[in-house]
Amino acid sequence: MQFTTTPYTEHQLIEPGGNATGTLPGWMQDQDLLLKFYRTMNLIRVFDKRAIALQRTGQMGTYASCLGQEAIGTAIGCALKTEDVFVPYYRDQAAQFLRGVPLYQLLQYWGGTEWGNHFTGTAREDFPNCVPIATQITHAAGIATAFKIRGQKRAALVTCGDGATSRGDFYEPLNLAGVWQLPMVLVVNNNQWAISVPRALQTGAPTIAQKAMAAGIEGFQVDGNDVCALYEAIRYSLDKAHAGKGATLIEAMSYRLCDHTTADDATRYRSHEEVNAAWLKEPVKRLQTFLHQRGLWDEQKEQQLITDCQQKVEQAVKDFQSQPQQPVDDLFDYLFDTTPPHLIVQRERTKQKAARLAGGNHHGH
Amino acid sequence: MQFTTTPYTEHQLIEPGGNATGTLPGWMQDQDLLLKFYRTMNLIRVFDKRAIALQRTGQMGTYASCLGQEAIGTAIGCALKTEDVFVPYYRDQAAQFLRGVPLYQLLQYWGGTEWGNHFTGTAREDFPNCVPIATQITHAAGIATAFKIRGQKRAALVTCGDGATSRGDFYEPLNLAGVWQLPMVLVVNNNQWAISVPRALQTGAPTIAQKAMAAGIEGFQVDGNDVCALYEAIRYSLDKAHAGKGATLIEAMSYRLCDHTTADDATRYRSHEEVNAAWLKEPVKRLQTFLHQRGLWDEQKEQQLITDCQQKVEQAVKDFQSQPQQPVDDLFDYLFDTTPPHLIVQRERTKQKAARLAGGNHHGH
Amino acid sequence: MGIKETLPNNGNHSTGSEPATHVVTLVEAVNLALARAMEQDENVVVLGEDVGTNGGVFRATAGLKERFGCKRVMDTPLAEALIAGISVGMAAQGLKPVAEIQFMGFAYATFEHIISHAARLRNRTRGRLHCPMVLRTPYGGGIHAPEHHCESTEALFAHIPGLRVVVPSSPTRAYGLLLAAIEDPDPVIFLEPSRIYRMVKQEIRDDGIALPLDTCFTLKAGTDITLISWGACVHETLQAARELDKQGISAEVIDVATLNPIDYATILASVEKTGRCVIIQEAVSHCSVGSEIAAMLAEKGLFFLKAPVGRVNGLDIPMPYFQRENLYMPDVHEIIATAIKTMEYA
Amino acid sequence: MGIKETLPNNGNHSTGSEPATHVVTLVEAVNLALARAMEQDENVVVLGEDVGTNGGVFRATAGLKERFGCKRVMDTPLAEALIAGISVGMAAQGLKPVAEIQFMGFAYATFEHIISHAARLRNRTRGRLHCPMVLRTPYGGGIHAPEHHCESTEALFAHIPGLRVVVPSSPTRAYGLLLAAIEDPDPVIFLEPSRIYRMVKQEIRDDGIALPLDTCFTLKAGTDITLISWGACVHETLQAARELDKQGISAEVIDVATLNPIDYATILASVEKTGRCVIIQEAVSHCSVGSEIAAMLAEKGLFFLKAPVGRVNGLDIPMPYFQRENLYMPDVHEIIATAIKTMEYA
Ligand SMILES: Cc1ncc(C[n+]2csc(CCOP(=O)(O)OP(=O)(O)O)c2C)c(N)n1
Ligand SMILES: Cc1ncc(C[n+]2csc(CCOP(=O)(O)OP(=O)(O)O)c2C)c(N)n1
Ligand SMILES: [Mg+2]
Ligand SMILES: [Mg+2]
């Protein structure tokens with residue numbers, strides 16, 4: 001009865017055709033930044049395709065593609081300050097790359113070794129991919145709490161999908177962020193599907209952004225295929241967090257152009273028409289057109305970029321494939337600070353097993 | 001940015017002084033109903049006081065008083081249809097009583113026997129008190145789902161406190177109720193405290209009612225000390241549920257005039273001033289004044305009612321105290337439909353133990 | 001419980017004609033049992049993430065939505081506590097919800113509802129309400145999957161009074177035990193070893209006949225040593241038993257199948273006969289189902305044990321990411337070696 | 001781990017003067033240890049429901065907010081998953097959160113964060129991040145409380161690799177073990193037996209010295225039989241041991257204290273010496289810590305066991321509402337009877 005939603009306007013700076021929707025903000029004079037957006041999105045798209053190929057040819061495990069959602073990670077990676085902490089979900093390849101995680105390490109993660117989470121540099125305090133959906137949001141609230149306790153001017157930026165918004169771990173930390181005024185930004189990649197479940201079956205709320213009201217924090221929708229709009233919204237939210245003015249929920253409207261993961265076949269549950277329509281809005285082409293129009297890009301640069309991306313990705317694949325196998329000790333020695341006696345016994349036994357399996361074993365699998 | 005709350009007006013029909021706030025709705029012509037409200041609230045207040053005394057004198061276990069919150073349970077109990085299912089929390093004595101649970105059985109529950117949950121009659125499908133905060137809301141959503149699957153014109157009405165609104169089990173089923181359009185009504189007894197934690201530290205949202213927006217359902221605030229306003233709001237919501245028009249969240253603004261439970265000492269964390277101020281709004285006196293003004297009540301009726309309530313409550317205490325001890329078998333025979341062999345063995349052993357303990361035991365406790 | 005030769009109570013399928021026979025994998029047997037149960041009893045409903053249009057990420061519920069409609073096959077929002085909790089509510093209303101948790105690693109969020117409510121509803125209300133729900137979930141390692149997709153934490157469920165915990169190890173047992181789980185008037189946790197979802201095929205008569213939930217299955221008779229296992233490990237255990245046979249050691253193989261309550265009588269009788277025992281499980285050893293069985297033997301079987309109870313377990317670490325998961329998984333070699341060592345005691 | 005004679009690293013209290021001595025109950029010892037840890041290390045923070053102004057429903061955190069401020073003693077909203085999950089985030093940032101769950105029966109909602117994250121953060125990131133958090137909760141029955149306030153489900157935590165599970169049984173051990181739990185760089189589940197919160201008082205030197213987390217405590221030496229217990233049951237066990245002494249049976253009493261990893265060496269050495277053993281626990285027996293210890297003895301101690309491992313457990317049912325809870329609780333009589341039966345084997 002008493003609450004109303006004014007119809008939202010999705011924040012947008014560049015429309016799908018590549019044209020500005022109005023007067024552009026000053027920061028968009030920064031050509032280097034615009035080119036960084038474009039280059040990153042391209043690199044990640046090339047990487048993504050290659051990762052799928054690696055999986056298909058049995059050289060890597062299940063992989064979650066970010067096809068069509070590159071703008072989100074890119075905007076996040078560019079907007080974050082070094083001292084912030086990034087708490088990703090599994091479609092944030094672009095952001096992780098921009099945080100300094102080398103591409104080969106992303107492959108290591110999907111390739112089945114914990115060393116794929118051993119980030120260094122800017123990402124050293126960032127969280128690894130979180131498999132149990134939405135739980136990372138609670139961790140981010142904890143990280144933001146630590147910043148607040150210490151009086152640090154840092155923020156925790158966390159991401160999740162639209163499906164994640166149905167879990168307690170979405171609402172509980174959001175509510176905390178509201179009541180404790182935490183320096184936290186939550187970006188929801190609303191790619192319209194949670195595996196086979198469409199957004200409309202995930203919640204009766206017409207927008208995910210309005211869920212912010214349950215926590216008494218600010219929430220809004222952004223065109224998730226418009227890297228510039230995203231960047232602006234994220235910067236606004238991070239600045240707010242740094243200024244001690246509380247948390248923000250951003251609903252980034254995107255589309256999962258890929259299968260859910262390499263283990264999925266999306267044709268079972270959604271139409272070609274829908275996917276084709278979504279391709280018309282995808283982020284890379286849009287920015288390309290925009291850059292072309294502004295004279296910032298041309299065919300030659302494009303060719304150069306493609307070659308460059310492919311080289312980088314091939315190098316990453318090589319690096320991934322040439323990583324030595326992790327020693328048996330590693331399975332035991334990172335569980336506790338000091339490995340307890342029972343694990344030392346099991347470690348020795350497992351070394352023998354590893355030797356046996358390496359030597360060929362007729363009984364084992 | 002895009003969402004706004006219009007300032008809420010708490011639904012109210014009778015203001016704290018006992019005067020109508022405007023033209024009263026037609027149903028309030030029903031004097032019997034108004035008197036039922038009043039009689040029930042009084043009975044429960046007498047019961048409540050006696051229950052606390054039983055605990056204080058070691059004749060019963062920890063007890064959660066509903067002092068000052070009698071209007072909520074009363075309105076619920078009067079509004080529910082026989083075929084609806086009630087899923088209570090632990091301050092719904094009035095509603096449970098109106099659903100046909102005898103007072104002595106309420107004492108049995110707090111007195112430490114599972115037979116206190118063995119309701120019959122109208123309450124036979126109702127849930128027992130739920131100790132793990134908020135989990136009952138999810139059960140209610142399941143019950144409402146069953147109604148929906150079967151096409152039954154029934155609703156599940158569930159209650160919780162303001163503290164409960166911080167848990168995943170508040171948001172997850174509310175979200176489901178929105179997307180599945182479930183015939184469910186959630187009444188939050190916002191009594192301003194969750195043990196020692198004030199409402200302001202529970203959520204940053206200015207109202208709990210607005211949390212409905214996260215689920216895309218209707219939510220509103222009602223004066224929880226105005227039994228008539230409550231009754232109207234609940235009837236409206238139940239009618240909506242019966243008509244297949246979805247779920248409602250009702251925030252009933254009340255105050256916990258008592259300690260949290262008999263195990264608590266509220267003076268540790270809140271001021272006398274606050275409590276005294278709240279007494280000015282309490283529901284029983286308010287309705288009494290209203291009834292007096294309308295000529296529906298007088299001192300003689302009041303005296304008669306007090307005597308009557310005390311007799312009923314004393315009878316309940318007697319009934320409670322004369323219940324035979326439950327047999328040892330009961331501990332084992334309700335775990336599964338058919339008691340499995342290992343429990344039969346333990347049952348026999350426990351019978352011997354019971355006999356030993358009954359016979360006096362110098363080692364035991 | 002016993003074998004219930006239940007006849008369809010309100011199904012549409014003709015009971016006169018011979019039941020169809022299918023040659024199926026374990027996951028297909030699950031699908032068959034679900035369809036049969038839904039046909040026999042309109043109170044049976046299926047719910048979970050992606051169980052509807054998508055037919056489940058392992059295809060265990062494939063075709064059910066088309067056949068029984070979206071009121072009986074429900075795609076839920078992504079929330080495991082919700083799935084478990086609404087199942088409790090539905091079950092209290094007399095439905096028989098069969099809820100799928102996509103992987104066991106995501107079942108922890110259901111624990112509060114399973115432990116504090118599903119397992120206790122009947123007891124708490126002295127029989128007034130009860131909770132005939134089934135929580136199904138694929139479990140176990142060896143499928144080269146990401147983290148959390150390979151858990152074997154059955155002990156956490158098995159520790160809780162009021163739950164039955166059931167693990168099939170073949171298509172036939174998956175079919176019969178799942179029917180039993182659904183028929184059972186109390187909550188059943190049904191753990192499906194994903195590693196053997198498509199490992200072997202068996203011929204199944206789709207006759208709706210349930211297997212008992214209160215007995216172990218002796219899969220191979222033997223006289224020298226008892227090998228006890230459940231789930232996917234049963235396969236390595238059987239393989240080991242065959243190898244041991246060749247070496248002149250006659251191993252009896254028991255599939256525990258129901259992990260709580262356990263059919264101790266069958267296990268004790270076997271160990272009394274053989275005097276030796278090896279327990280094989282994929283789970284970590286500490287406070288596990290394997291510990292329970294060994295403890296029971298230490299308490300009740302001490303005087304017929306000729307050798308210490310041998311144990312082949314997973315390691316006491318989280319399942320390693322898949323490059324190294326084979327180091328974690330118990331293998332045939334280890335079972336044989338442990339059995340031989342157990343035989344060496346005089 | 002070993003005893004760490006840690007000196008205050010950044011506390012304000014003078015290290016030169018003698019530490020104060022207090023005669024305190026177990027819950028007061030918890031309070032002392034929390035205050036000491038917070039004084040020694042500014043990274044230690046306390047959070048939970050009602051831990052601030054109210055000082056905890058059992059008063060375990062009384063006075064801490066007044067002393068250390070509301071940034072280090074945080075009343076959280078009512079959400080257990082949240083409490084556990086933000087503790088993981090805080091711990092990864094180098095804080096040392098000590099989170100209180102009001103009663104163990106409300107800890108199930110924390111399981112996903114504890115099992116899937118707290119226990120794995122170090123391993124998952126190969127040491128890059130780690131999780132020095134403590135989850136404290138009162139546990140156990142016998143306090144005439146409502147449902148869910150009397151759980152003994154320590155086995156659920158003990159089954160999980162990567163967690164330490166610690167149970168004190170006296171004020172002194174509560175003080176020393178809680179300090180150790182907080183100092184420990186990995187997650188520790190700290191279970192406080194509420195039945196003995198105020199049972200006895202002991203003199204404690206508030207010296208900030210932690211006890212080891214890797215050893216059992218032998219509380220009474222004996223030669224004929226080993227009685228193994230932890231938590232509140234240690235009291236009945238000691239009482240039983242004294243009674244047995246009178247009857248000429250010399251019982252050794254071991255307080256396991258840390259339930260994972262368990263100090264098997266001490267237990268094995270004792271049982272090797274006595275040849276007999278009774279395990280006493282309040283928990284249900286199925287897949288419990290008691291099962292684990294009995295299983296370990298069946299595996300490693302078979303040849304010095306002169307009698308079956310005796311067990312005194314809670315019943316395999318949920319804790320009855322309090323009118324009948326005494327039927328559930330193991331008592332001195334049962335311990336003595338089981339010990340005597342164990343002694344009767346030749
Ligand atoms: C707690 C939990 N439940 C289930 C899963 C299995 N699962 C993995 S991804 C996914 C869908 C997630 O959808 P969404 O949040 O929209 O993210 P998207 O994959 O679309 O980017 C599911 C159900 C999981 N990983 N964790
Ligand atoms: C899951 C869970 N956590 C903690 C508790 C302990 N507890 C009992 S009542 C309560 C406060 C509840 O506050 P609120 O929801 O506002 O209800 P009120 O008691 O004020 O009516 C708490 C923390 C519990 N019962 N369940
Ligand atoms: Mg999605
Ligand atoms: Mg309240």
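Only a predicted model underlies this, so the values are computations on that prediction, with no experimental measurement involved. Atoms considered below: every heavy atom in the structure, side chains included; atoms not considered: hydrogens, waters and symmetry mates. Letters A, B, ... mirror the listed sequences (proteins, then strands); counts begin at 1.
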Neighbour count above 12 (heavy atom, 6.0 Å) for B:Lys351 NZ = yes
Between C:Pro77, C:Gly94, C:Gly85, C:Pro97, which residue shows the highest count of heavy-atom pairs closer than 4.5 Å to chain B?
-> C:Gly85
Measure across C:Pro161 and B:Leu335 and return the closest heavy-atom pair with its distance rounded to 0.1 Å.
-> CB-CD2, 4.0 Å
Side chain, backbone, both or neither: which part of B:Val85 has a heavy atom under 4.5 Å from chain C?
-> side chain
N/O donor-acceptor pair under 3.5 Å between B:Glu172 side chain and C:Leu82 backbone = yes
What part of C:Ile262 gets closer than 4.5 Å to chain B, counting heavy atoms only: side chain, backbone, both or neither?
-> neither
Ranked by heavy-atom pairs below 4.5 Å to chain C, first place among B:Ala141, B:Cys130, B:Pro340, B:Pro132 goes to B:Pro132
In terms of heavy-atom proximity below 4.5 Å to chain B, should C:Leu95 be classed as side chain, backbone, both, or neither?
-> both
Given that the side chain runs from C-beta out, which part of C:Ala84 has a heavy atom under 4.5 Å from chain B: side chain, backbone, both or neither?
-> neither
Kindly indicate whether the side chain of C:Arg126, heavy atoms from C-beta on, has any atom under 4.5 Å from the side chain of B:Thr113.
-> no
Donor-acceptor under 3.5 Å (C:Arg128 side chain, B:Trp115 main chain) | no
Compute whether any side-chain donor of one residue and acceptor of the other, for C:His113 and B:Thr135, lie under 3.5 angstrom apart.
-> no
Just give me the residue among C:Met90, C:Arg122, C:Lys71 that pairs up with chain B most often, heavy atom to heavy atom, under 4.5 Å.
-> C:Arg122
Engaged part of B:His118 at the chain C interface, taking heavy atoms whose separation is under 4.5 Å = both
Residue selection (most heavy-atom pairs with chain C, distance under 4.5 Å) from B:Val87, B:Ile143, B:Ile137 | B:Ile143
Answer whether the closest heavy-atom distance between the side chains of B:Thr145 and C:Met74 falls below 4.5 Å.
-> yes
Evaluate the side-chain proximity of B:Trp180 to C:Ile86: yes if any heavy-atom separation is below 4.5 Å, no if none is.
-> yes
B:Asp333 versus chain C, the contacting section by heavy-atom distance below 4.5 Å | neither
C:His130 versus chain B, heavy atoms under 4.5 Å apart: side chain, backbone, both or neither?
-> neither
Does C:Glu112 come within less than 4.0 Å of B:Arg167, counting only side-chain N to carboxylate O?
-> yes
Look at the side chain of C:Asp186 and the backbone N and O of B:Asp337, then say whether any donor-acceptor pair between them is shorter than 3.5 Å.
-> yes
State, with a plain yes or no, whether a side-chain heavy atom of B:Pro341 is found less than 4.5 Å away from one of C:Asp263.
-> no
At a heavy-atom separation under 4.5 Å, does B:Phe332 approach chain C through its side chain, its backbone, both, or neither?
-> neither
What distance separates B:Thr138 OG1 from C:Ile83 CD1, expressed to the nearest 0.5 Å?
-> 11.5 Å
Options B:Lys148, B:Glu125, B:Arg150, ranked by heavy-atom pairs under 4.5 Å with chain C, top entry = B:Arg150
Check whether C:Ser87 gets within reach of chain B through its side chain, its backbone, both or neither, counting any heavy atom under 4.5 Å.
-> neither
May I ask you to decide whether B:Glu114 forms a salt bridge with C:Arg124, counting only side-chain N to carboxylate O separations under 4.0 Å?
-> no
Lys/Arg cation over aromatic B:Phe336: C:Arg164, 6.0 Å, 45° cone = yes
Under 4.5 Å heavy-atom distance to chain C, tell me which part of B:Pro173 shows up: side chain, backbone, both or neither.
-> both
Determine the minimum heavy-atom distance between C:Thr125 and B:Pro128, stating which atoms define it.
-> CG2-CG, 3.8 Å
Honestly, the part of C:Leu163 sitting under 4.5 Å from a heavy atom of chain B is backbone
Under a 4.5 Å heavy-atom cut-off, does chain C meet the side chain of B:Gln136, its backbone, both or neither?
-> neither
